[in-house]
Amino acid sequence: MLTGEIRSQVDSIWNAFWSGGISNPLEVMEQITYLLFLRRLDDLHTLEENKSTRLNKLTERRIYPEGKDARGRDYIDLRWSLFKNLAPSEMFIVVGEHVFPFLRTMGGDGSTYAHHMKDARFTIPTPALLAKVVDLLDHVPMEDRDTKGDLYEYMLSKIASAGQNGQFRTPRHIIRLMVELTEPNGKDVICDPASGACGF
């Protein structure tokens with residue numbers, strides 16, 4: 001069962017996507033899933049490193065290979081624990097131009113993993129949104145298997161609610177468009193019959 005704190009963290013992540021211009025709940029879930037997967041890959045790599053250190057052996061199962069990718073970036077830079085500390089603009093480049101191409105090719109040709117990840121897309125539109133989401137996700141406790149399942153169930157319920165009840169909030173990019181089109185000034189009186197919480 002998810003605690004109120006974790007639900008609140010997920011809601012904050014969800015709201016960050018909406019405010020950042022991603023209003024499709026399926027796309028939000030997809031991007032969260034990719035980022036959580038990247039975090040998990042880094043955790044698994046760390047476990048392997050710790051195991052090899054304890055046994056005083058070379059790391060047998062490397063997730064991030066030694067060397068550089070096709071664009072000349074060290075594979076080790078693609079780890080969650082490293083890119084999460086970069087400046088937003090640098091993180092955006094690393095994730096978009098290095099991490100996602102790595103994800104698409106990681107399993108090798110013909111593997112089940114490669115089949116499912118071949119279309120992995122990075123659709124977060126701005127460095128600021130990526131940095132905010134990575135920071136929020138970094139604080140979600142993912143050690144417990146039950147938490148992972150409950151987390152996904154909760155996110156799926158958010159998608160189901162969005163489908164039944166329509167869109168809950170107006171995404172920021174739509175708000176900006178409407179404001180630019182109407183060009184309101186201090187003397188205008190505006191009536192919005194669908195005001196909701198009046199955040200618009």
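Starting from 1, each residue takes its place in the sequence as its number.
Separating the CD1 atom in I22 from the CH2 atom in W14 is a distance of 11.0 Å, to the nearest 0.5 Å. With rounding to the nearest 0.5 angstrom, the CG atom of D138 is 3.5 Å from the NZ atom of K84. Atom-to-atom distance recorded for F100:CZ and M106:CE is 12.5 Å, nearest 0.5 angstrom. Here I76 contributes atom CD1 and S81 contributes atom OG; the two are 8.0 Å apart, rounded to the nearest 0.5 Å. The line from CG of L26 to CG of L156 is 9.5 Å long, rounded to the nearest 0.5 Å.
Closest approach of L86 to M91, counting heavy atoms only: O-CE, 3.8 Å. The two residues P127 and P88 have their closest heavy-atom pair at CB-O, 3.4 Å. In this structure, I63 and F102 approach most closely via the heavy-atom pair O-CZ, 3.5 Å. Shortest non-hydrogen contact noted between G20 and P125 is O-CG, 3.6 Å. Closest approach of L78 and R73 over heavy atoms only: CD2-CG, 4.3 Å. Here the shortest heavy-atom pairing between R79 and T46 reads NH2-OG1, 2.7 Å.
Side chain of Q31 to backbone of T123: a donor-acceptor contact under 3.5 angstrom is found. Side-chain atoms of S52 come within 3.5 Å of backbone N or O of E49 as a donor-acceptor pair. Without hydrogens or angle criteria, N15 side chain to D11 main chain gives a donor-acceptor distance under 3.5 Å.
The shortest distance between side-chain heavy atoms of E183 and D188 does not fall below 4.5 Å. Residues L103 and L38 form a side-chain contact, since some pair of their non-hydrogen atoms from C-beta on lies under 4.5 Å apart. At a threshold of 4.5 Å between non-hydrogen side-chain atoms, the residues L35 and W80 count as touching. The side-chain heavy atoms of V95 and I124, taken from C-beta on, include no pair separated by under 4.5 Å. Between R71 and E97, some side-chain heavy-atom pair lies under the 4.5 Å cut-off. For the pair F17/N24, no side-chain contact is recorded, criterion being any heavy-atom separation below 4.5 Å from C-beta on.
The ring pair (Phe, Tyr, Trp, His ring centres under 6.0 Å) search around H45 returns Y64, not counting sequence neighbours.
L44 and L58 fall into different hydrophobic clusters, where Ile, Leu, Val, Met, Phe, Trp and Tyr are joined by side-chain heavy atoms under 4.5 Å apart, directly or via other members. Cluster membership check: V133 does not share its hydrophobic cluster with I93, using side-chain heavy-atom separations under 4.5 Å among Ile, Leu, Val, Met, Phe, Trp and Tyr. Cluster membership check: L47 does not share its hydrophobic cluster with L55, using side-chain heavy-atom separations under 4.5 Å among Ile, Leu, Val, Met, Phe, Trp and Tyr.
Within 6.0 Å of the CG atom in N56, the count of heavy atoms belonging to other residues, nucleotides or ligands does not exceed 12.
Evaluation of the salt bridge (charged side-chain N to carboxylate O under 4.0 Å, His left out) test over residues 117-134, restricted to residues two or more places apart or in two chains, returns E30-R121.
Aromatic ring centres of Y34 and F122 lie farther apart than the 6.0 Å criterion allows.
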Side chain to side chain contact (heavy atoms under 4.5 Å, CB included) evaluation trace for R39 with V134: CA-CA 9 Å; R39 183 176 157 189; V134 165; over 6 Å; no

Derivation of the side chain to side chain contact (heavy atoms under 4.5 Å, CB included) call for Y75 and D69: CA-CA 6 Å; Y75 281 110; D69 68 7; 3.7 Å; yes

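Checking V10, V140, L137, L136 one by one against I32, the side chain to side chain contact (heavy atoms under 4.5 Å, CB included) holds for a single residue, L137.
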